[in-house]
**Student:** 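Pasting in a structure now, in structure tokens, and then I'll have a few things to ask.
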Amino acid sequence: MKYKIGTMVELSAAGRKNQHNPHRVRSGFGIVIDYLTQKKFPYLIKWFNGGEARDFSAKEYEIKRLKIPKSKQETK
């Protein structure tokens, strides 16, 4: 299991290319809420896009960690 529960993720390039992923998850971000070891799509993700949250299942290669840009710090 590469991503722990609580990890913020987004779709990888491979995940965006897959036709089975709905358009509502092509943008936005998700939080890993469960890992189901015996499932074809083991990562259960709560996906946020436009204020609406839905559950979404994915394989490991379809997601990547969400990179949050560091805010500019004030110089004194």
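Values reported hereafter were calculated over all heavy atoms of this structure, with side chains retained and with hydrogens, waters and symmetry mates removed.
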**Student:** Is Ile68 reachable from Val9 through a run of hydrophobic residues whose side-chain heavy atoms are each under 4.5 Å from the next?
**Tutor:**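 No; Ile68 is not reachable from Val9 via cluster members.
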**Student:** Sequence neighbours left out, what passes salt bridge (charged side-chain N to carboxylate O under 4.0 Å, His left out) with Asp55? Give chain and number order.
**Tutor:**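 Per chain and number, Asp55 pairs via salt bridge (charged side-chain N to carboxylate O under 4.0 Å, His left out) with Lys46.
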**Student:** What is the minimum heavy-atom distance between Met1 and Lys4, and which atoms define it?
**Tutor:**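 Looking at all heavy atoms of both residues, the shortest contact is CE-CA, 3.8 Å.
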**Student:** CD of Glu10 to CD1 of Ile45: how many Å apart, nearest 0.5 Å?
**Tutor:**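 With rounding to 0.5 Å, CD (Glu10) is 11.5 Å from CD1 (Ile45).
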**Student:** Over all heavy atoms of both residues, which pair between Tyr61 and Ala14 is shortest? Give the atoms and the distance, please.
**Tutor:**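 Minimum heavy-atom contact is CD1-CB, 3.8 Å.
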**Student:** So which heavy atom on Lys64 is nearest to which on Leu11, and how close?
**Tutor:**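 Here Lys64 and Leu11 meet closest at CE-O, 3.9 Å.
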**Student:** When rounded to the nearest 0.5 angstrom, what is the spacing between NZ in Lys39 and CG in Leu44?
**Tutor:**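 Taking NZ in Lys39 and CG in Leu44, the distance rounds to 10.0 Å.
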**Student:** Should we say atom NZ of Lys59 is surrounded by more than 12 heavy atoms from elsewhere, each under 6.0 Å from it?
**Tutor:**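 Above 12, so yes.
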**Student:** Do you know the tightest heavy-atom contact between Phe48 and Ala53?
**Tutor:**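 In this case the closest contact between Phe48 and Ala53 is CE2-CB, 3.4 Å.
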**Student:** Within the side chain of Trp47, is there an N or O that forms a donor-acceptor pair under 3.5 Å with the backbone of Ser27?
**Tutor:**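 A pair under 3.5 Å: yes.
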**Student:** Identify the heavy atoms of Tyr3 and Ile63 that sit nearest to each other, and give their distance.
**Tutor:**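 So the minimum-distance heavy-atom pair works out to OH-O, 3.1 Å.
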**Student:** In terms of side-chain heavy atoms, does Tyr43 have a donor or acceptor partner in Glu60 at a distance below 3.5 Å?
**Tutor:**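 Yes.
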**Student:** Rounded to the nearest 0.5 Å, what separation is found between the CZ atom of Arg65 and the NZ atom of Lys2?
**Tutor:**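 If I round to the nearest 0.5 Å, the distance is 7.0 Å.
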